[in-house]
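So that we are looking at the same thing, I have put the structure below in structure tokens.
Positions are given from 1 along the sequence.
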Amino acid sequence: MKLRPLHDRVIIKRLDSETKTASGIFIPDNAAEKPDQGEILAVGPGKRDDNGKNIVLDVKVGDRVLFGKYSGQTVKVDSEELLVMREEDIMAVVQK
């Protein structure tokens, strides 16, 4: 099943969080916080302004982004948990 986001929405896959602290202590899954970084899997066509002109998004597929802890809507596709959120909920793009 493929998802195609509409308007200014993006599909994001959360990146795996660290399971070990810097001092070597392992963190169990139930105690770990959800990561606030992800990779963009799909991007919508953009938002329309008052004149009907399409405003293209600043992010693209493959970008690694930072977002708020409670941003977006979680959806499950083919047993994989993904996030659907608006571009405005993305705080930053992580430069490589």
Item checked: For Val43, side-chain contact (heavy atoms from CB on, under 4.5 Å) partners two or more places apart ->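 By the side-chain contact (heavy atoms from CB on, under 4.5 Å) rule, Val43 matches Val10, Ile40, Leu57, Val61.
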Check: If Ile, Leu, Val, Met, Phe, Trp and Tyr residues are connected whenever their side-chain heavy atoms lie under 4.5 Å apart, and connections chain through other members, are Val75 and Leu41 in the same group?
Finding: yes
Check: Roughly how far apart are Leu15 CG and Asp36 CG, rounded to 0.5 Å?
Finding: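 The distance works out to 9.5 Å.
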Note to self: Can you pull out every salt bridge (charged side-chain N to carboxylate O under 4.0 Å, His left out) where at least one residue sits in residues 84-93? Sequence neighbours excluded, please.
What the structure shows: Asp8-Arg86
Check: What pairs with Ile55 under side-chain contact (heavy atoms from CB on, under 4.5 Å), at least two apart in sequence or on another chain?
Finding: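 Checked Ile55 against side-chain contact (heavy atoms from CB on, under 4.5 Å); matches are Asp49.
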Check: Quick one: does Ile12's side chain get under 4.5 Å of Arg14's, heavy atoms only?
Finding: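 Contact flag for Ile12/Arg14 side chains = no.
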Note to self: Test of understanding: clusters of I, L, V, M, F, W, Y form through side-chain heavy atoms closer than 4.5 Å, transitively. Do Met85 and Val94 belong to the same one?
What the structure shows: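 Cluster IDs for Met85 and Val94 differ.
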Note to self: On a heavy-atom basis, which atom in Lys47 and which in Asn54 lie closest, and how many Å separate them?
What the structure shows: O-OD1, 3.3 Å
Item checked: For Glu80, side-chain contact (heavy atoms from CB on, under 4.5 Å) partners two or more places apart ->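 Expected list: Lys13, Leu82.
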Next item on the list: Could you give me the CA-CA distance, side-chain angles and deciding distance for Lys76 and Thr74, then say whether side-chain contact (heavy atoms from CB on, under 4.5 Å) is met?
Entry: CA-CA 7 Å; Lys76 209 166 204 172; Thr74 304; over 6 Å; no
Notebook entry, point to check: If every non-hydrogen atom of Ala42 is compared with every non-hydrogen atom of Pro5, which pair is closest and at what distance?
Noted result: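 It is CB-CD, 3.6 Å.
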Next item on the list: Please write out which residues are connected to Leu6 in a hydrophobic cluster, directly or through intermediates, given that two of Ile, Leu, Val, Met, Phe, Trp, Tyr count as joined at side-chain heavy-atom separations below 4.5 angstrom.
Entry: none
Notebook entry, point to check: Are Leu66 and Val59 linked, directly or through other ILVMFWY residues, by side chains that come within less than 4.5 angstrom of each other?
Noted result: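 No; tracing contacts between hydrophobic side chains, which count when under 4.5 Å, never links both residues.
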Check: For Arg48, which residues count as a side chain to side chain donor-acceptor pair (under 3.5 Å) partner, sequence neighbours excluded?
Finding: none
